[in-house]
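Here is the structure we will look at, set down as structure tokens.
Residue indices begin at 1 and follow the sequence shown. For clarity, every value in this text was computed on a predicted model and none was experimentally measured.
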Amino acid sequence: MTSDLRRQLILGAAKRCFARHGYAGTTTKSVAAAAAISEALLFKHFPSKAALYAEILTEECEADPEFELLLGQEPSTATLVKLMTGMVQHFLSIADVPNNEEEQRLRLMASSHLDDGEFARLLYTKIDDLIGAKFVSSLESAVAAGEAVRSAAAARDLFWFAHHTVLMAALTRLPSTPCVSYGTTASLERQLSEFILRGIGLTEAAIACYLDHELSQPPARPATAESA
């Protein structure tokens, strides 16, 4: 069996284990048993349980048709706004369906920051690999079009500033009684989107031009949606 086929076999077994037992209840030993291989062989392909889970999340994202469509769009101000509003919509929707899979992922991401950070680092790397270049090229396009002002901060840093802002806002909404009362989801969606778009440098005219259109569209799974 080739290395690629073995890797896919392991991922398939891991998906079944995570779906049945959740992240906490799954071990590399149980995944190896499900794949009918030794744990040592599993570690040759994936160094940890966190690496396995991060890879599965990446594959899910890549297989999403909405995500594929978004990444296929030309770099532009419109694409940039789609990226940011999609991220906001995804994170804010997590608290609307308590105890779902996305909420568990968000909790796992938060706990990783307080632990050794392995899962968070892996997932941030995966997210950057997937959409970092699209964000940067779209921001450059917006600057070239006069619809954004260049920031002193690096473009990828701006992306992470935006991502972490929404991540923290989502965390405040996880308890049954939210930590902070922001008002309605729709209101918060607009406020966060405006805050982020201004923060990454879009002009007021560009925000007025593109934001209303995006917020009127049905929510789609964004490129940065992996709760993290």
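- Look at Asp212 and Arg190 and you find a salt bridge, because one of the NZ, NE, NH1 or NH2 atoms lies within 4.0 Å of a carboxylate O, short of that distance.
- When all heavy atoms of Ser30 and Cys17 are compared, the pair lying nearest together is O-SG, 3.9 Å.
- Between Glu55 and Leu11 the shortest heavy-atom distance is CG-CD2, 3.8 Å.
- Ala35 approaches Ile10 most closely through the heavy-atom pair CB-CA, 4.4 Å.
- No chain of hydrophobic side-chain contacts below 4.5 Å, direct or via other Ile, Leu, Val, Met, Phe, Trp or Tyr residues, connects Leu114 to Leu167.
- Around the CD atom of Glu74, the shell of radius 6.0 Å holds no more than 12 heavy atoms that belong to other residues, nucleotides or ligands.
- Hydrophobic clustering (side-chain heavy atoms under 4.5 Å, transitive across Ile, Leu, Val, Met, Phe, Trp, Tyr) groups Leu83 together with Phe67.
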Test side-chain contact (heavy atoms from CB on, under 4.5 Å) applied to Ile207 and Val81, step by step: CA-CA 8 Å; Ile207 293 172; Val81 174; over 6 Å; no
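- Between His164 and Trp160, the two ring planes are parallel [angle under 30°; tilted spans 30° to 60°].
- Here Cys61 contributes atom SG and Ile56 contributes atom CD1; the two are 14.0 Å apart, rounded to the nearest 0.5 Å.
- With respect to Arg105 and Glu60, a salt bridge is recorded, a charged nitrogen being found less than 4.0 Å from a carboxylate O.
- One hydrophobic cluster holds both Val88 and Leu158 under the rule that ILVMFWY side chains link at heavy-atom gaps under 4.5 Å.
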Full working for side-chain contact (heavy atoms from CB on, under 4.5 Å) between Glu204 and Arg198: CA-CA 8 Å; Glu204 292 299 321; Arg198 290 190 182 106; 2.6 Å; yes
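- Nearest heavy atom pair, residue Asp128 against residue Arg156, reads OD1-NE, 2.7 Å.
- Atom OG1 of Thr85 is separated from atom CG of Leu192 by 12.0 Å, given to the nearest 0.5 angstrom.
- Between the side chain of Ser141 and the backbone N or O of Pro75 there is at least one donor-acceptor pair closer than 3.5 Å.
- Here Asp64 contributes atom CG and Leu71 contributes atom CG; the two are 10.0 Å apart, rounded to the nearest 0.5 Å.
- Contact detail for Ser187 and Gln191: the closest heavy-atom pair is OG-NE2, 2.8 Å.
- Between Phe119 and Tyr23, the ring planes lie tilted relative to each other; the angle falls in the 30° to 60° range.
- The main-chain N or O of Thr58 is never found under 3.5 Å from a side-chain atom of Lys126 such that the two would form a donor-acceptor pair.
- To the nearest 0.5 Å, atom NZ of residue Lys134 and atom CD1 of residue Ile131 are 10.5 Å apart.
- Dense packing is recorded around CZ of Phe43, with more than 12 heavy atoms of other residues, nucleotides or ligands lying under 6.0 Å away.
- A donor-acceptor pair under 3.5 Å is absent between the side-chain atoms of Asp115 and the main chain of Gly117, judged by distance alone.
- A distance of 12.5 Å separates NZ in Lys82 from OG1 in Thr77, rounded to the nearest 0.5 Å.
- For the residue pair Thr28 and Glu39, a side-chain donor N or O sits within less than 3.5 Å of a side-chain acceptor on the partner.
- Remark: Gln73 CD is packed, more than 12 non-hydrogen atoms of other residues, nucleotides or ligands lying under 6.0 Å away.
- Summarising the local packing, CZ of Arg150 is surrounded by 12 or fewer heavy atoms from other residues, nucleotides or ligands at distances under 6.0 Å.
- Rounding to the nearest 0.5 angstrom, the gap separating the CE atom in Met84 from the CG atom in Leu139 is 9.5 Å.
- With a 4.5 Å cut-off on side-chain heavy atoms, Thr27 and His21 do not count as touching.
- Remark: side-chain polar atoms of Lys49 are paired, donor with acceptor, to backbone N or O of Thr26 under 3.5 angstrom.
- In this structure, Met87 is a member of the same hydrophobic cluster as Phe161, with clusters built from ILVMFWY side-chain heavy atoms closer than 4.5 Å.
- In this structure a side-chain-to-backbone donor-acceptor pair under 3.5 Å is present from His113 to Met109.
- The main-chain N or O of Phe135 is never found under 3.5 Å from a side-chain atom of Ser138 such that the two would form a donor-acceptor pair.
- Residues Lys44 and Ser3 are not in side-chain contact: their nearest non-hydrogen atoms beyond the backbone lie 4.5 Å or more apart.
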side-chain contact (heavy atoms from CB on, under 4.5 Å) evaluation trace for Glu66 with Leu70: CA-CA 6 Å; Glu66 293 288 348; Leu70 178 59; over 6 Å; no
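- Cluster annotation: Leu80 is not connected to Leu69 through the hydrophobic network of ILVMFWY side chains, with a link wherever side-chain heavy atoms come within less than 4.5 Å.
- Arg6 is not listed as a side-chain neighbour of Thr2, based on a closest heavy-atom distance of 4.5 Å or more.
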Test log, rule side-chain contact (heavy atoms from CB on, under 4.5 Å), inputs Leu122 and Tyr53: CA-CA 9 Å; Leu122 285 166; Tyr53 196 57; over 6 Å; no
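- Shown here for Leu42 and Ala32, the closest heavy-atom pair between the two residues is CD1-N, 3.7 Å.
- Within the 4.5 Å cutoff, side-chain heavy atoms of Ile200 are placed close to those of Leu202.
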Trace of the side-chain hydrogen bond (donor to acceptor under 3.5 Å, both in side chains) decision for Arg121 with Ser112: CA-CA 9 Å; Arg121 284 192 298 272; Ser112 178; over 6 Å; no
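- Here the side chains of Val143 and Val149 are not in contact, with every heavy-atom distance at 4.5 Å or above.
- Looking at heavy atoms from C-beta onward, Lys15 lies in side-chain contact with Glu59 at the 4.5 angstrom threshold.
- Within the 4.5 Å cutoff, the side chain of Leu130 has no heavy atoms near those of the Ile127 side chain.
- Using a 4.5 Å heavy-atom cutoff, the side chains of Arg173 and Phe91 are not in contact.
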